[in-house]
Novice: 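Pasting in a structure now, in structure tokens, and then I'll have a few things to ask.
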Amino acid sequence: MEEIITRQHFQIFKSTNFQIEKMSLTIKVPPVGESITEVTLSSWKKKDGDTVKMDEVIAELESDKATFELTAEADGVLKTQAKEGDTLPIGAVVAIIEEGGAVEESKPAAVESSSKETVAVPAPQPETPATAASSLEVKVPTVGESITEVTLSRWIKKDGDTVAMDEAIAELESDKATFELTAEKAGVLKTIAQEGDVLPIGAVVCTIEGSGAAKPAATAAAPAAASAPVTTEKATTYASGTPSPAAAKILAEKGVDAKGVSGTGVAGRITKEDALLAEKVSENPQVNKEALKDVGSPKPAAAAPKTETVASGPRSDRREKMSSLRKTVARRLVAVKNETAMLTTFNEVDMSPIMELRTKYKDKFKEKHGVGLGFMSFFTKAVCEALKDWPAVGARIEGEEIVYSNFADISIAVSAPKGLVVPVIRNAESMSLAEIEKAVAALAVKARDGKLTLEEMSGGTFTITNGGVFGSMMSTPILNSPQSAILGMHNIIERPVAVNGQVVIRPMMYLALSYDHRIIDGRESVSFLVRVKQLLEDPSRLLLGV
């Protein structure tokens, strides 16, 4: 009787389990915005037939405005309905999750003691949850409100490497800054994304398996002896041969392989100085990644084409993938040209008074304030005074409204190693010349080292750019959207000019003011530039406010 009851219970369980397995959940394209009617299935993060968990990312959808993730709404087995590249309307079925897939395998383990028919079922089960429980997904962190995606520029650690907690494993690049991705725990790295992939915020970059190193050791003859040397070697030489972000940039531009450069930094890390020295040693800056791969090829025939490529110098090409920063700058500049009525007005300024003032007081100024007295502080101060008289030059358009600011956040265009960046000096109108010079120097150092934060580059009501440091005589700068005006400085050249009816030699600079004619009229733009000219040619007016 007891055996009959047991079998009856098992048949009831089996029937119930069959019903659970048949239960399914439809995953549809969610509403993502009032103006968006369709999306594109850019990639599947999980494959057809994979077992997924609730809230796990299964696919990546892309609209004309942003990229976002599609997550599983329940545990189960994934059955894909759409293909990568399909354009789907809002509400379309993307996939089906059969919820019984994971339940069926977990139930027989409880009935194992009362029925021999289920003995074979739970055999593979303990391995799956053990591995899943010991692994940690490393995702793209949130780096700013305006940033929705980043580019995986390079892997610092390789697939299968043992990593320590807080150790840098990859380098991510956004359209504004470059930052490192660190390991959130110690374990074995399993890479998912590849170098060059564009990843949305929250996308899974890799996993770290804490028990990954112990499993291969269990199958070896001496597990304790096998695991100890690996851990020790990785812990002491994980940075060996790994370039810093600045060094990696230099090596990539010159086509030098990091494997052939010896690092003098901590734990053998390749520093910026090592990269510069490698640049001097290498006499072939046109070597690209394909040529570097050919060097390691054992075939002797590969040496002949490489020699011909070197000899043909000017005839060779070198291709580099456009960075996220460069793509964003290009997209914004084209948008400014297409969406604004941009004009440029010119004037010239006699720099003699400012140069005489600098020559007279630069030593005392540096001794007291600890910073040099440059031209940028005078131009920033003059712009702030002129904005008080002509506030429309510092205004911006938002929808059908014009926004005027009672403060002056001056953006300073700086040429950084990765491209043009525009950090902002906040409340410049209330700062002294010394405070402006200190702010400019600090922002320039951060820009050169790639350490500018998003807050330091966001906002701004007016931009100043200095093409004169590169020898530019005259140019028409492009607006820094959503700002409505930008002032361009140029090089100082001694030219003959007429002063009080006499021809004299003076250091002259051309000034260019590009502006959006939609909200700034010609009278305002010309008057603003004339006001800046007057303040620069008579610096005492900056102190008196007249």
Side-chain angles (χ1 to χ4, degrees), residues 346-389 408-415 422-448 462-475 477 486-500 502-513 528-546:
F346 299 92
N347 211 320
E348 62 179 357
V349 57
D350 185 357
M351 298 296 292
S352 299
I354 292 181
M355 295 179 71
E356 292 173 359
L357 192 64
R358 290 180 67 244
T359 302
K360 185 176 180 179
Y361 295 107
K362 64 179 182 180
D363 294 336
K364 294 183 178 179
F365 187 89
K366 188 171 185 178
E367 180 181 351
K368 180 177 181 179
H369 301 290
V371 66
L373 180 60
F375 293 120
M376 186 59 70
S377 57
F378 288 98
F379 278 84
T380 303
K381 201 68 177 175
V383 164
C384 292
E385 291 296 326
L387 285 173
K388 296 178 182 178
D389 298 332
D409 287 351
I410 306 301
S411 304
I412 306 297
V414 179
S415 179
V422 192
V424 181
I425 301 177
R426 309 288 181 188
N427 298 317
E429 79 284 353
S430 61
M431 300 173 68
S432 63
L433 295 177
E435 291 173 336
I436 294 175
E437 287 292 349
K438 291 179 181 179
V440 171
L443 293 174
V445 171
K446 286 186 175 182
R448 184 169 57 252
F462 187 91
T463 298
I464 301 176
T465 178
N466 186 7
V469 296
F470 305 109
S472 172
M473 182 177 181
M474 184 178 291
S475 65
I486 180 173
L487 178 69
M489 301 167 54
H490 299 89
N491 60 350
I492 302 173
I493 299 178
E494 291 188 344
R495 298 199 308 268
V497 295
V499 179
N500 298 327
Q502 294 183 349
V503 178
V504 295
I505 304 298
R506 294 291 176 86
M508 305 297 294
M509 175 192 287
Y510 285 118
L511 297 181
L513 179 70
F528 175 88
L529 195 57
V530 169
R531 178 64 171 158
V532 172
K533 170 185 169 67
Q534 293 173 349
L535 294 170
L536 292 173
E537 290 183 341
D538 189 0
S540 59
R541 302 179 70 171
L542 291 173
L543 302 177
L544 299 175
V546 296

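Just so it is clear, the model here is predicted, and its values are computed rather than measured.
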Novice: Of all residues at least two apart in sequence or in a different chain, which pass the side-chain hydrogen bond (donor to acceptor under 3.5 Å, both in side chains) check with N491?
Specialist: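 Expected list: none.
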Novice: Near K446 NZ, under 6.0 Å, is it more than 12 heavy atoms from other residues, nucleotides or ligands?
Specialist: no
Novice: Measuring from atom CD1 of I412 to atom CG of L443, what distance do you get when rounded to the nearest 0.5 angstrom?
Specialist: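 If we round to the nearest 0.5 Å, I412:CD1 and L443:CG are 8.5 Å apart.
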Novice: Would you list the atom pairs, donor with acceptor, under 3.5 Å between side chains in residues 354-367 and any protein atom, with sequence neighbours excluded?
Specialist:
unit_1: R358; atom_1: NE; unit_2: L373; atom_2: O; d: 2.7
unit_1: R358; atom_1: NH2; unit_2: L373; atom_2: O; d: 3.0
unit_1: T359; atom_1: OG1; unit_2: M355; atom_2: O; d: 2.8

Novice: Any side-chain heavy atom of K381 sitting closer than 4.5 Å to one from I436?
Specialist: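 Yes, side chains in contact.
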Novice: Distance from K438 atom NZ to S377 atom OG, nearest 0.5 Å?
Specialist: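 If I round to the nearest 0.5 Å, the distance is 12.5 Å.
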Novice: Within the distance-only criterion (no hydrogens, no angle test), does the side chain of E429 pair as donor or acceptor with the backbone N or O of A408 below 3.5 angstrom?
Specialist: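 Looks like yes, one N/O pair under 3.5 Å.
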Novice: To the nearest 0.5 Å, what is the distance between CE on M351 and CE on M508?
Specialist: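 One gets 10.0 Å once the value is rounded to the nearest 0.5 Å.
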Novice: My understanding is that only residues two or more places apart in sequence, or in another chain, count here; which of them pass side-chain hydrogen bond (donor to acceptor under 3.5 Å, both in side chains) with R495?
Specialist: E348
Novice: List the atom of P353, the atom of P539, and the distance in Å for their closest heavy-atom pair.
Specialist: CB-CD, 3.7 Å
Novice: Quick one: side chain to side chain contact (heavy atoms under 4.5 Å, CB included) partners of T463, sequence neighbours excluded?
Specialist: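 T463 satisfies side chain to side chain contact (heavy atoms under 4.5 Å, CB included) with S411, V422, N480, Q483, I486 once adjacent residues are dropped.
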Novice: Of all residues at least two apart in sequence or in a different chain, which pass the side-chain hydrogen bond (donor to acceptor under 3.5 Å, both in side chains) check with T465?
Specialist: none
Novice: How far does CG of L536 sit from CG of L542, to the nearest 0.5 angstrom?
Specialist: 7.0 Å
Novice: How about R541 and Q534: do any of their side-chain heavy atoms sit closer than 4.5 Å?
Specialist: yes
Novice: Could you go through H490 and F346, starting from their C-alpha distance and side-chain angles, then the distance that decides it, and tell me whether this counts as side-chain contact (heavy atoms from CB on, under 4.5 Å)?
Specialist: CA-CA 11 Å; H490 299 89; F346 299 92; 5.6 Å; no
Novice: Using atom types as modelled and distance alone, determine if a side-chain donor or acceptor of E537 lies under 3.5 Å from a backbone N or O of V349.
Specialist: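 Looks like no, no N/O pair under 3.5 Å.
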Novice: Testing the basics here: between P496 and V503, what is the closest heavy-atom pair and its distance to 0.1 Å?
Specialist: CB-CG1, 3.9 Å
Novice: Applying side-chain hydrogen bond (donor to acceptor under 3.5 Å, both in side chains), name anything that partners D389, two or more places apart in sequence or on another chain.
Specialist: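 If we apply the side-chain hydrogen bond (donor to acceptor under 3.5 Å, both in side chains) test to D389, skipping adjacent residues, the hits are R531.
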Novice: Report the C-alpha separation of N466 and F375 in whole Å, then their side-chain angles, then the decisive distance to 0.1 Å, and conclude whether the side-chain contact (heavy atoms from CB on, under 4.5 Å) test is met.
Specialist: CA-CA 10 Å; N466 186 7; F375 293 120; over 6 Å; no
Novice: Could you check if a side-chain atom of V532 sits within less than 4.5 angstrom of a side-chain atom of L513, using non-hydrogen atoms only?
Specialist: no
Novice: Is any side-chain heavy atom of I464 closer than 4.5 Å to a side-chain heavy atom of V383?
Specialist: yes
Novice: Indicate yes or no for a side-chain donor-acceptor contact from K533 to the backbone of D350 under 3.5 Å, with no hydrogens or angles considered.
Specialist: no
Novice: If every non-hydrogen atom of M431 is compared with every non-hydrogen atom of A439, which pair is closest and at what distance?
Specialist: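 Answer, listing the atom of M431 first, then A439: CE-CB, 4.1 Å.
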Novice: Over all heavy atoms of both residues, which pair between I492 and P507 is shortest? Give the atoms and the distance, please.
Specialist: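 It is CG2-CB, 3.5 Å.
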Novice: Compare every heavy atom of S475 with every heavy atom of P477, then report the nearest pair and how far apart it is.
Specialist: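 Where P477 meets S475 most closely, the heavy atoms are CD-O, 3.5 Å.
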Novice: With rounding to the nearest 0.5 Å, note down the distance linking CG in N347 to CG in L529.
Specialist: 5.0 Å
Novice: Atom CZ of F462 and atom CG of D409: how far apart are they, to the nearest 0.5 Å?
Specialist: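 It is 13.0 Å, given to the nearest 0.5 Å.
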